J.: 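Take a look at the following structure, please.
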Protein chains: 2
Amino acid sequence: MNNRLAEKMAAVLKAIAHPDRLMIIEILAGGEKCVNKIVERLDSSQSLTSQHLNLMTNKGVLARRREGLHIYYRIANRDVLKILRCLFRHCRNR
Amino acid sequence: MNNRLAEKMAAVLKAIAHPDRLMIIEILAGGEKCVNKIVERLDSSQSLTSQHLNLMTNKGVLARRREGLHIYYRIANRDVLKILRCLFRHCRNR
DNA sequence: CAACTATATTAAGATATTTTAATATACTTA
DNA sequence: TAAGTATATTAAAATATCTTAATATAGTTG
């Protein structure tokens, strides 16, 4: 692992290293959702959720598409789910 | 995933979400090493490296043992390596 | 025990992340 | 086109992380 790659890897981890953002990824694991559904399930504010969604989209973790008034978010690359599953197993028993 | 678990998971991610710390984990994947070996391979300062090592030890990612003047660090739980491998594969091609 | 080696701790400043509140934008529909 | 709904952006304050430099500690050896 060279320095450049280590930085890329750290950037991906930082993009998901937040409780709300992990929950968002879990919510989207079940398929794409529009923002207000995500806000409801998170029990967080619209603004903050939107910022989390934007951050993860900019970092390539999520992708979005518009359909009328709604914007649907989805997981951009399923690799992230693998990482989450390892992490989940690791944390569940401790 | 409940809130408590999401926080635990985020804490583990934060503990490793730093280029130097990822490199340290990779170095230790080959077996335990003492601090000065790690410092050499990282090309970072003794103090900063020691702080990274402490942080990861406190968060349960690493473990250490003393042998005379040297303190040997090792990976506390191999789950972390699985996470890193997923992440590595994810980042290598982008 | 003095000098040395290996490592840890501390404090401070720099930088980044998180959160809130207010406001803006984009699209839809009456 | 005005009002309404869904979402995004911005700015500021609060908090956390990162880095450096200086110093402390713990063990070893002459």
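Keep in mind that what you see is a predicted model, and the values were worked out from it rather than measured. We name chains A, B, ... by the order of the sequence lines, and we start the count at 1 in each one.
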J.: For the pair made of OH in A/Tyr72 and P in D/dA6, what is the distance, rounded to whole Å?
T.: 11 Å
J.: Using heavy-atom distances to pick each residue's nearest nucleotide on DNA chain C, tell me which of B/Tyr73 and A/Lys59 is more 5'.
T.: B/Tyr73
J.: Output the rounded distance in Å from CG (B/Leu48) to P (C/dA11).
T.: 18 Å
J.: Quick one: A/Arg64 CZ to C/dA26 P, roughly how many Å, whole number?
T.: 13 Å
J.: C/dT7 C1' sits how many Å from B/Leu42 CG, rounded?
T.: 15 Å
J.: Closest heavy-atom contact between B/Leu42 and B/Met23?
T.: CD2-CB, 3.5 Å
J.: Work out which heavy atom in A/Ser45 is nearest to a heavy atom in A/Leu48; give both atom names and the distance.
T.: OG-N, 3.1 Å
J.: Distance check needed: D/dA8 P versus A/Leu62 CG, whole Å only.
T.: 11 Å
J.: May I have all residue pairs that pass salt bridge (charged side-chain N to carboxylate O under 4.0 Å, His left out) and include part of residues 42-54 of chain A, sequence neighbours excluded?
T.: none
J.: Over all heavy atoms of both residues, which pair between B/Leu5 and A/Cys91 is shortest? Give the atoms and the distance, please.
T.: CD1-CB, 3.8 Å
J.: Which residues pass the side chain to side chain contact (heavy atoms under 4.5 Å, CB included) test with B/Arg78, sequence neighbours left out?
T.: B/Ile75, B/Leu81
J.: Check DNA chain D against residues 51-58 of chain A and give the residues with a non-hydrogen atom under 4.0 Å, in numerical order.
T.: A/Gln51, A/Asn54
J.: For a stem of at least 3 consecutive Watson-Crick or G-U pairs with distances under 3.5 Å, i pairing with j, i+1 with j-1 and so on, which stems involve DNA chain D?
T.: C:1-30 with D:1-30
J.: Do you know which two heavy atoms are closest between A/Ala6 and B/Leu22, and how far apart they sit?
T.: O-CD1, 3.5 Å
J.: Only counting residues at least two apart or in another chain, list the ones meeting side chain to side chain contact (heavy atoms under 4.5 Å, CB included) with B/Glu7.
T.: A/Pro19, B/Asn3
J.: Tell me: NE2 of B/His70 to C1' of C/dC4, nearest whole Å?
T.: 12 Å
J.: Any chance you could measure A/Lys33, atom NZ, to A/Ile38, atom CD1, to the nearest 0.5 Å?
T.: 8.0 Å
J.: Looking at side-chain heavy atoms only, is the closest gap between B/Met56 and B/Ile25 below 4.5 Å?
T.: yes
J.: What residues form a side chain to side chain donor-acceptor pair (under 3.5 Å) with A/Asn54, not counting sequence neighbours?
T.: A/Arg64
J.: When the distance from NZ of B/Lys14 to P of D/dT15 is rounded to whole Å, what number comes out?
T.: 14 Å
J.: Strictly under 4.0 angstrom, non-hydrogen atoms only: write out the protein contact profile of nucleotides 22-30 of chain D, one letter per nucleotide from the 5' end, B, S or -.
T.: B---BBS--
J.: Which residue pairs pass the ring pair (Phe, Tyr, Trp, His ring centres under 6.0 Å) test when at least one of the two sits in residues 54-80 of chain A, sequence neighbours left out?
T.: none
J.: Which residues pass the side chain to side chain contact (heavy atoms under 4.5 Å, CB included) test with B/Lys14, sequence neighbours left out?
T.: A/Ala17
J.: Which of residues 29-37 of chain A sit near DNA chain C, with a heavy atom under 4.0 Å from it?
T.: none
J.: Who passes side chain to side chain contact (heavy atoms under 4.5 Å, CB included) against A/His18, sequence neighbours left out?
T.: A/Asp20, A/Arg21, A/His52
J.: How many Å lie between CD1 on B/Ile71 and P on C/dA6, as a whole number?
T.: 12 Å
J.: Using side chain to side chain donor-acceptor pair (under 3.5 Å) as the criterion, list what pairs up with B/Arg65, not counting sequence neighbours.
T.: B/Glu32, B/Glu67
